Amino acid sequence: MSLSVKHVLTCLMGPLQGDTSDYELIKHQLSDPDIKDAQIISWLQEFRTCVTQLGRDHEQLIYVVLKLPWLGRSQAVVEEYLAFLSNLVSAQTVYLRACLRMVITNFAPKRIRIQEGNVDISDSDDEDENLPRTFDHCHQALQLITRYVPSTSRFLMPILSDKFPFVQKSSRTLECYVHNLLRVSVYIPDLRRDIIELIISKMLTLDVSAPRSEIEEVESGAQQDANGASQDDCLFDMDEEEDSPLDSSRPDGAVMVHPVAERLDTMMTVLLAYIKDICHVNGSLDIEKTKALYKDLVSVFDKVVLPTHASCHVQYYMFYLCSFRLGLAEAFLDHLWKMFHAPNQPPVLRQAAAGYMGSFMARAKFLPVSTVKACLDLLVPWLHLYINSQDSGSKAFCDVNLHGSFYTACQAVFYTLIFRHNAILEGNMKKGLAYLQGLNLERIVMCQLNPLRVCLPAVTNMFAAITRKYQLVFCYTIIERNNRNLLPVVSNSTGGNSVSTNTNPLDTFFPFDPYLLKSSGKLIEPIYQVWEEPSDCMIDVPKKKVRKGSMEEEDDFLHGGTPHGDSGVGMTPGSYDSHLHSPRSVGSPPVSFLQRPF
């Protein structure tokens, strides 16, 4: 039995009069999986003529209409459906959220299941060639809704968050959804900061769940397995030419074997492409657009990135943005300095800000030495003032809980000088030495707060070697004394005897340690300063042999040998004890954000 669409208005009145048969028939016909384009168009045209009658009493019918398979249909269906949505949200704002949910649900590709008997043999992302067209129509619908209901943005953000795919979903699903969220931020700019915060929060969840050492172990093992397999294949089949399993997922071969790292790499690639496209117009940097984006990105950095400990990669979006123009890098460093210098900030954020300053100055290849010296001229005088304030006090002793900000600032200065001393000295050695001597590092090292005892051993030892070479400070007497004091102590403060060791208590990290993600790393590599062993000042220093991974050259500063014999403090604990890979060689950059194919 079929029902003419000409009687829709009469049927809509049925439920109000107790007669639901024709109303249910409409719902049934609309739910037909074999419904034709012409039928969809006819129904939608009829609904548009009586849209003012489609109130709360007809929400079941509206939900059926919103489930119609309009995406992927003919252009006539798409246009009619968009017209219906426009009329519906204009006349019946009660359905605004439902319409928004329907559109946002299509921001990620559908999952398909192929069954053989009762067994799923496929559960992969739909590789629909029409995905670009589908996403275009979704954004067209969302823009129309926004035009007819200006308050849409107030209701949209919770839906975008709720519909965000689980981070365990495939890289493809996450890539599509993140791309579409960022695309929304282009035409609804009021939501940009919130959208970026949502994306970065999800990325941080992935980042902290994939420790650096774990990624390195998986990638190195997979590479060794692939090399071994390729050698075996050559022995038995010299004519067979197959791509390595590591190179099969992407045209550039930059696939991560570690599943979490692969998802994060995909999302970082999309985010960095977005940042580049927003800041550049016809290949040239647009200063005003870049400034506006910087404000949003640094706000998100303060809110979710800075307080997150042990993230390895997400923070590089700020590193990448700052490479566009020196003014951005200087603004970021100034922002970090003000964060560190503000006594009302929580100590954990002040310490994190100092860590970011040191790591950024050390690793940003685009940062001139003049900017590095300007930052040192802020940090070092602050250290001297801090020492002045403590010298005559009752707390002038080594205690990381009391003086955490002091120790993190010391480590930032030491770490920066390790990486940048050559740049400071080159060109004019006499002038450079005078500058370094003017920092009065000896007073900092020799003070009662004893920063060499707290700073990470790899930093302490390399700083000692470099400062000895240039006769700036002689640290080894203090280092040896600190090593002798690393003895177990007995405490009964909890009512029983417990043994604890005064090992390195400074729980910090270097946020711009080498970038491990392969695809997005191609944008980071050209602007990143890798560690270069200063062999000239280490000639007489015995080094531990560190096995190099076969995957790449290593950035092994944080696990290098102890410069002053073997009696030094053990190497960096935790996340610092891993061998650190330098980024890969430069390849072709990712496709422009708004032109990425799906």
Side-chain angles (χ1 to χ4, degrees), residues 354 357-365 367-384 387 406-447 449-483 510 529-544 555-569 571-572:
M357 281 190 74
S359 195
F360 189 83
M361 287 190 289
R363 296 295 195 172
K365 188 184 288 187
L367 210 59
V369 68
S370 58
T371 301
V372 174
K373 290 167 69 175
C375 290
L376 290 174
D377 289 341
L378 292 173
L379 284 169
V380 174
W382 183 91
L383 292 174
H384 286 296
I387 294 170
F406 172 80
Y407 294 124
T408 50
C410 284
Q411 182 157 277
V413 170
F414 298 165
Y415 189 68
T416 300
L417 289 174
I418 288 169
F419 276 82
R420 296 291 189 170
H421 71 278
N422 281 332
I424 293 173
L425 295 171
E426 68 183 5
N428 190 327
M429 176 69 76
K430 185 177 180 180
K431 186 176 180 181
L433 276 175
Y435 172 79
L436 293 176
Q437 290 166 352
L439 297 178
N440 196 3
L441 298 171
E442 184 175 15
R443 180 171 184 255
I444 296 171
V445 168
M446 300 291 183
C447 75
L449 300 180
N450 194 1
L452 295 184
R453 184 175 183 178
V454 178
C455 292
L456 295 179
V459 174
T460 296
N461 294 324
M462 189 61 69
F463 176 75
I466 292 170
T467 53
R468 178 180 64 176
K469 171 181 170 61
Y470 297 105
Q471 299 181 10
L472 297 170
V473 187
F474 193 77
C475 304
Y476 291 115
T477 302
I478 297 175
I479 292 175
E480 289 171 354
R481 184 183 67 205
N482 290 338
N483 290 339
F510 298 96
Q529 178 61 56
V530 298
W531 168 244
E532 297 175 354
E533 187 78 25
S535 55
D536 58 332
C537 70
M538 303 286 286
I539 294 174
D540 59 339
V541 179
K543 300 177 186 176
K544 295 180 183 178
D555 184 324
D556 59 355
F557 162 65
L558 288 182
H559 72 167
T562 302
H564 192 62
D566 294 331
S567 61
V569 179
M571 298 322 297
T572 318

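Computed from a prediction, not measured in an experiment: that's the story for all the values here.
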- Between Met361 and Cys375, what is the shortest heavy-atom contact and its length? SD-CB, 3.1 Å

- Task: Only counting residues at least two apart or in another chain, list the ones meeting side chain to side chain donor-acceptor pair (under 3.5 Å) with Asp377.
- Result: Tyr435

- Residues Leu383, Val413; criterion side-chain contact (heavy atoms from CB on, under 4.5 Å); working and verdict: CA-CA 10 Å; Leu383 292 174; Val413 170; 4.0 Å; yes

- Under 3.5 Å, side chain of Tyr407 to main-chain N/O of Leu449, donor-acceptor pair present? yes

- Message: If I take atom OG1 from residue Thr416 and atom CG from residue Leu379, how far apart are they, to the nearest 0.5 angstrom?
- Response: 7.5 Å

- Out of curiosity, Leu433 CG to Gln471 CD, how far, rounded to the nearest 0.5 Å? 9.5 Å

- Task: Please examine the side chains of Ile444 and Asn440, heavy atoms only from C-beta on, and report whether any two atoms are closer than 4.5 Å.
- Result: no

- Message: So, taking the atom named CG in Leu452 and the one named CZ in Arg481, what distance separates them when rounded to the nearest 0.5 Å?
- Response: 9.0 Å

- Result of checking Leu472, Ile479, Ile478 against Cys475 for side chain to side chain contact (heavy atoms under 4.5 Å, CB included): Ile479

- Item | Side chain proximity check, Phe463 to Pro451, heavy atoms < 4.5 angstrom | no

- Thr467 versus Ala464, closest heavy-atom pair with distance: OG1-O, 3.2 Å

- Query: Nearest 0.5 Å, what's the CD1-OH distance between Ile424 and Tyr470?
  - Reply: 10.5 Å

- Identify the heavy atoms of Met462 and Ile418 that sit nearest to each other, and give their distance. CG-CG2, 3.7 Å

- Item | Side-chain heavy-atom pair Leu367, Arg420 within 4.5 angstrom cut-off | yes

- Query: Can you tell me how far CG of Leu439 sits from CG of Leu376, rounded to the nearest 0.5 angstrom?
  - Reply: 6.5 Å

- Heavy-atom nearest pair, Ala409 first then Trp382, reads CB-CZ3, 4.0 Å

- Can you see which heavy atom on Leu441 is nearest to which on Val473, and at what distance? CB-CG2, 3.6 Å

- Item | Closest heavy-atom pair and its distance - Ser359, Tyr415 | CA-CE2, 3.9 Å

- Hey, could you give me each pair passing salt bridge (Lys or Arg N to Asp or Glu O under 4.0 Å) that has a residue in residues 431-444? Not counting sequence neighbours. Asp391-Arg443

- Message: To the nearest 0.5 Å, what is the distance between CZ on Phe510 and CZ on Arg363?
- Response: 9.0 Å

- Query: Heavy atoms, side chains only, cut-off 4.5 Å: are Ile387 and Phe406 in contact?
  - Reply: yes

